[in-house]
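This report concerns only the one structure given below.
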There are 2 protein chains.
Amino acid sequence: MAVTMNDVARAAGVSLKTVSNVLNDYEFIRPATKQRVEDAIAELGYEANLTARSLRSGKTSMLGLVLSDLSAPYYAELASRLMTAASRRGYRVLVEQSGAGQAAERKALQGPFRQLTDGLLFTPLAMDADDISARVGTKPLVMLGEHVVDPRFDLVTMKNQEAAAALTRHLLAGGRRRIAVLGAHADETAGGGGLRLTGYREALAEAGVPFDPALVTKGDWRRDAGAAAVAGLLDAGVEFDAVFGLNDALALGAMHELLIRGVRVPQDVAVAGFDDIDEARFASPSLTTVSPGMDEIAERSISLLLDRIGGTETAASGVHVEAAFELKIRESAP
Amino acid sequence: MAVTMNDVARAAGVSLKTVSNVLNDYEFIRPATKQRVEDAIAELGYEANLTARSLRSGKTSMLGLVLSDLSAPYYAELASRLMTAASRRGYRVLVEQSGAGQAAERKALQGPFRQLTDGLLFTPLAMDADDISARVGTKPLVMLGEHVVDPRFDLVTMKNQEAAAALTRHLLAGGRRRIAVLGAHADETAGGGGLRLTGYREALAEAGVPFDPALVTKGDWRRDAGAAAVAGLLDAGVEFDAVFGLNDALALGAMHELLIRGVRVPQDVAVAGFDDIDEARFASPSLTTVSPGMDEIAERSISLLLDRIGGTETAASGVHVEAAFELKIRESAP
DNA sequence: CGTTCCGGATACATCGTTGCAGAACCGGCG
DNA sequence: CGCCGGTTCTGCAACGATGTATCCGGAACG
């Protein structure tokens, strides 16, 4: 068996509780005693049993991260940064993939997964605010992304609308007038897609360019959907001189399809994306996109969640954090 | 407070232990009793406390996954599949990023991380076999990847050498004779890179094409390193008509650099990679590569680890599993 | 000199579950 | 009728830590 506190106590000639006190930085311990305990710990190679500690204290030192699919580059990078940020503060991150399904999201919110964590970072895609509100327990929950924007919940996101507007302005400044949009969803106004679309329309309006619904295509935020959408536009004979993918995967899929069909990027059609995943820099041509300040998002969301867990943050209604963004002008839309 | 077994017991009019027995599928329980307990559980919405269960049983139902960096596409996809495979069998996966550092790898092998998991999937990059052997505890450990191939350890990997040879043969069949290799490491023969390089040399030898060390460049397995390596070759005036990136990231970085410099792919230089990450399909041109049968790797490694945990697999020395591969011929090297 | 106060350590209960041993009950058999 | 073996259920201890209450001894105080 592993070494327990009792063994340490015996070796140090003190009570079990004194060992516990040393470990928990209890204030009133004679230096000599503390030293004896620490020596015993070192000698025996004692390591605290986290499970027992969890049972007693009710804390697990784990944060849950619910996202649709870890293999999506954006989420993979986000998860990686969140883990790093959490680990700096002594927490681990346990990831749960929901596959963007309602059932899985609900389960992550209520089931055993919740029990294993002290707080949740949640990227809801299928559940709506009321549904979440009804099922959210007592443990802290911070929303990521923009599918659910609701004053009841803490939220860390980016300036979606502003960023999309800035990107669209850049395309307009480059002389583009017919900018196709990929990845819209029906009736979505609150989500990230909706906000980005709103930013796009805002920039068009400023420039006096009419909005043409025929240029807006729907689809999942994946490479293959981007390719398919562009294929659809081309086959339908819709004219366009730029493509704005609501995320990078869409834009990269679109760019691939354009190049296959002999459409030159950026000469014939400029392409821009959103997220600045690592791949965007190394695509050919490299992809113009918006960097969402992911480090800031990771840092702020961990901070916010830990403040809630620790009770430092006490705002009754949701705290909304918007990270700064940065335009990344590259070859695909110079 | 949450509902405990005691509450359920009271509600069902049985002892606490009977509730436990029902939950653990104990054989001798009258159907009527079982029903009463199950009704009480449903009515109270009881959920077992996993922490307490872990403390008592010594099992956590979590598997550890140690890899260098979750944001690398290959690892992200692997992690995602491993999680899915594990979840099918009632296990969760806890990921730890080592950043390819020795200290971090050692910590993952011994520290609290180990405690939280029933077994480990380990992708060692910095530690060697003896070091691992000295620090591996009693809990099961399955190696992934090829940096450490040692009869002492269980290992799930792919046919690196065969796959690299097959890919090289394909390039040779296309008339390429000067095939540059990106991503070699000094003196590595056992690791994945070493095996792939060996496969490359094997195919060259078969074809009677001399091996030219000037064509082999070293570097990390990342996009930027691939770009840098190609830049180095071009600047040094080394002639080559094909590039074999030891992984896809390298190949994609290389392709980017080639295209930037006006070298046509595949007309002037063919490019091939290794891993078949999703991005390879959507690159422009799409990337010829080797698919390592990641689903099989995920499935087999989870199976093997669980067999070890459950004591089903009892081979004294390491079990070595090699997943099948598949050549993916695409535009970059038709 | 007796009392109060506090630093320093301890004993015991407790978190929610499972393993072990055994009690109570039942029908069948000698 | 008593004993036996199997079924059904129960009580107690234990997993390894922390919270609460308490105890003890010495310094400070009146």
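Order of the sequence lines sets the chain letters (A, B, ...), proteins ahead of strands, with each chain counted from 1.
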For the side chain of A:Leu55, starting at C-beta, report the closest nucleotide among D:dT18, C:dT10, C:dG16.
C:dG16
Does B:Arg56 make a side-chain donor-acceptor contact with the base of D:dA14, cut-off 3.5 Å?
yes
With a 4.5 Å cut-off on side-chain heavy atoms, are A:Val136 and A:Phe122 touching?
no
Compute whether any side-chain donor of one residue and acceptor of the other, for B:Thr51 and B:Ser54, lie under 3.5 angstrom apart.
no
Is B:Asn24 close enough to C:dT18 that one of its side-chain N or O atoms is under 4.0 Å from OP1 or OP2 there?
yes
In B/S/- notation (B base, S sugar-phosphate only, - none; protein heavy atoms under 4.0 Å), nucleotides 20-25 of chain C written 5' to 3' is B-----
Is any side-chain heavy atom of B:Leu121 closer than 4.5 Å to one of B:Val156?
no
Decide whether A:Arg89 and A:Ser303 meet the rule of one side-chain donor and one side-chain acceptor closer than 3.5 Å.
yes
Any side-chain heavy atom of A:Leu94 sitting closer than 4.5 Å to one from A:Phe113?
yes
Of all of residues 36-54 of chain A, which get a heavy atom below 4.0 angstrom from DNA chain C, listed by number?
none
Could you state the CG-P distance from A:Asn6 to C:dC12, rounded to the nearest angstrom?
13 Å
Is there a side-chain contact between B:Ser20 and the phosphate of C:dT18, meaning an N or O under 4.0 Å from OP1 or OP2?
yes
Length of the line joining A:Lys59:NZ and D:dG19:C1', which is rounded to integer Å:
15 Å
Looking only at atom types and distance, does a side-chain atom of B:Glu96 sit under 3.5 Å from a main-chain N or O of B:Gly64, one as donor and one as acceptor?
no
Counting just side-chain N and O atoms, does B:Thr33 come under 4.0 Å of either OP1 or OP2 of D:dC9?
yes
Establish, with yes or no, whether the OP1 or OP2 oxygen of D:dG16 is under 4.0 angstrom from a side-chain nitrogen or oxygen of A:Thr4.
no
Where B:Arg135 and B:Met127 come nearest, the two heavy atoms and their spacing:
CD-CE, 3.8 Å
Double-helix bend of the helix from C:dC1-D:dG30 to C:dG30-D:dC1, axes at both ends from 5 pairs, round to 10°, gives 70°
Any ion pair linking B:Asp307 and B:Arg300 (charged N to carboxylate O, less than 4.0 Å)?
no
Which whole-number value in Å describes the distance from A:Met5 CE to C:dA11 C1'?
15 Å
Could you give the CZ-to-P distance, from A:Phe28 to D:dG26, as a whole number of Å?
19 Å
What is the distance, rounded to the nearest whole Å, between atom CG of B:Asp7 and atom C1' of C:dG16?
11 Å
Could you go through the side chain to side chain contact (heavy atoms under 4.5 Å, CB included) check for A:Ile297 and A:Arg81 one step at a time?
CA-CA 9 Å; A:Ile297 291 181; A:Arg81 285 174 160 83; over 6 Å; no
In terms of side-chain geometry, is the basic nitrogen of A:Arg10 or A:Asp7 positioned less than 4.0 Å from the acidic oxygen of its partner?
yes
Using a heavy-atom cut-off of under 4.0 Å over every strand shown, decide if B:Leu16 touches base, sugar-phosphate, or nothing.
base
Nucleotide D:dC9, atom C1' - distance to NZ of B:Lys34 in whole Å
15 Å
Nearest-nucleotide wise, let me know which of B:Ser57 and B:Pro31 is further upstream toward the 5' end of DNA chain D.
B:Pro31
Under a 4.5 Å cut-off applied to non-hydrogen side-chain atoms, are B:Arg53 and B:Ser61 in contact?
no
For B:Ile29, answer base if it contacts any base atom (sugar-phosphate contacts may also be present), sugar-phosphate if it contacts only those atoms, and nothing otherwise; contact means non-hydrogen atoms under 4.0 Å.
sugar-phosphate
Flag the pair A:Asp275 / A:Trp221 as yes when at least one side-chain heavy-atom distance between them is below 4.5 Å, and no otherwise.
no
